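Just so we're clear, the structure is a prediction, and the values are computed from it rather than from any experiment. Whatever order the structure lists them in is the order used to number ligands and atoms, beginning at 1. The figures that follow rest on heavy atoms only: side chains count, while hydrogens, waters and symmetry mates do not.
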Amino acid sequence: MAGKNLRFYVALYMSKLARTALRVLKRNASYFPGKLAIKICPDFLGRINKPETIITVTGTNGKTTVCNMILDALEANGYDVLNNKAGSNINAGVASSLVAESTMSGKCRKKIAIFEIDERSSKLIYPYIKPTYAVCTNLFRDSIHRNANPEFIFNIINSSLPESSHMILNADDLISCNLGAANDKTYFAIDRLATDKEESVNLINDVRICPKCHKPLHYNYVRYHHIGNAKCEFCGYESPKADYLGKLDMDNQILNVVTPFGTEEYHMVSNSIFNTYNQLTAITVLRKLGLSYEAVKKSFADLNIVESRYSKETVNGIDVVTHMSKGQNPIACSCVFDYVKDEPGNKEIILILDDVFDRQGSSENMTWIFDCDFEFLNQPDITNIIISGVRCNDYKLRLLMAGVPEEKLMTTSDEVNSPELLKLDGTDAVYILHELYAANTAMKARDKAVAVIKERGAKNE
Ligand SMILES: [Zn+2]
């Protein structure tokens with residue numbers, strides 16, 4: 001590893017100075033100090049001392065939740081953990097957090113670190129930071145203009161990962177489970193669920209052919225998209241065997257985990273399968289780090305993840321629900337549509353899916369809507385779909401292609417006042433599905449929907 005030269009010390013001191021100045025001014029010091037250090041000394045991350053044990057967490061979904069769970073559990077058990085929770089998950093954020101815990105001579109004050117790593121930044125981080133445990137939660141299609149496709153992201157991570165890192169991977173994810181062919185690994189998975197299917201019902205399944213022999217791949221079961229369990233009938237390639245296998249007892253909110261040490265029983269922190277994957281990932285990491293079953297069990301005992309991306313209130317007997325539905329992300333949107341279609345009763349839907357770029361009038365492409373399962377919204381009990389925002393005609397076209405009758409579709413560029421188009425004729429619930437950056441707009445639309453329901457005296461007997 002590169003030693004400390006004059007350039008390194010200049011970078012360290014300037015960075016610490018910037019950090020102090022920003023903190024005096026009560027400004028965020030989690031990005032700029034690291035950016036400055038790397039600007040002055042491009043291999044700064046390689047030269048600064050690091051903790052002995054490093055955990056990195058990357059992946060398309062869940063990395064922040066997994067990092068927080070691991071961090072909280074470690075701290076509850078007396079560990080003093082260096083982390084980039086407060087700041088950015090790219091190289092500058094990692095550098096800032098290391099500078100914050102470095103002495104003037106460049107020595108690190110902490111023995112263990114956990115870093116959330118942006119997938120695309122891994123090539124700027126892994127050459128310098130060699131994680132003891134490298135976690136990948138999953139790899140999915142994400143925003144095309146940021147992440148291209150999952151194979152692209154897979155290759156970025158795979159080509160930069162140090163061979164010395166022990167990988168912790170999702171055996172149910174037929175993409176990310178193939179990371180680090182030469183690395184030692186521990187796999188986690190969730191056992192077959194009653195809701196699993198024989199065939200994919202999603203438009204997008206990014207693993208239809210065998211990663212090894214490229215012939216059609218047979219799934220034993222599909223959970224969603226390429227999440228499931230597969231075996232190739234031609235070459236024998238199969239989903240890896242899980243070292244930590246979760247078995248869900250939904251009725252009793254219990255996550256049983258079959259581990260190398262026996263079966264362990266944990267309180268499920270959430271009803272959502274996504275957060276159960278996150279919890280299982282954290283359990284696997286914590287047990288690998290040597291925390292006892294009792295300690296890990298205790299750290300989850302009182303934890304209940306409240307869906308911050310979800311709200312529900314009932315007005316005159318009609319449920320008004322808001323649910324985040326990440327725009328530009330066909331997988332996240334499809335999962336939300338899938339959830340709404342299975343909810344009981346007659347539903348009216350308000351879509352607020354335009355993202356920041358759409359709002360700025362950009363001509364960014366809309367290909368993601370053709371990867372997204374708008375077909376799930378073509379249901380007899382979905383009686384009205386109000387499409388709002390500047391892109392409303394694009395979504396309308398997509399819904400028509402999904403077979404939704406035109407008389408069920410209404411468009412408006414006015415997102416906040418879109419609830420005025422509610423029919424409220426035998427409606428049991430109104431779902432406002434909104435893009436991440438439209439949360440405030442969605443809350444205003446929710447208030448409007450509540451007002452409209454009260455004003456019209458609509459009541460569901
Ligand atoms: Zn094969």
- Rounded to 10 degrees, the angle SG of C210 makes with SG of C213 at the Zn ion (ligand 1): 110°
- Query: Hey, is E151 close enough to R141 for a salt bridge, meaning N to O under 4.0 Å?
  - Reply: no
- Message: When you measure from the side chain of H214 to the backbone of I209, do you find a donor-acceptor pair of N or O atoms at a distance under 3.5 Å?
- Response: no
- Message: In this structure, is the centre-to-centre distance between the rings of Y219 and H226 below 6.0 Å?
- Response: no
- Item | SG (C235) to the Zn ion (ligand 1) to SG (C232) angle, given to the nearest 10 degrees | 110°
- Item | Carboxylate-amine/guanidinium contact D381 K347, below 4.0 Å | yes
- Can you tell me if an N/O/S atom from H214 lies under 2.8 Å from the Zn ion (ligand 1)? no
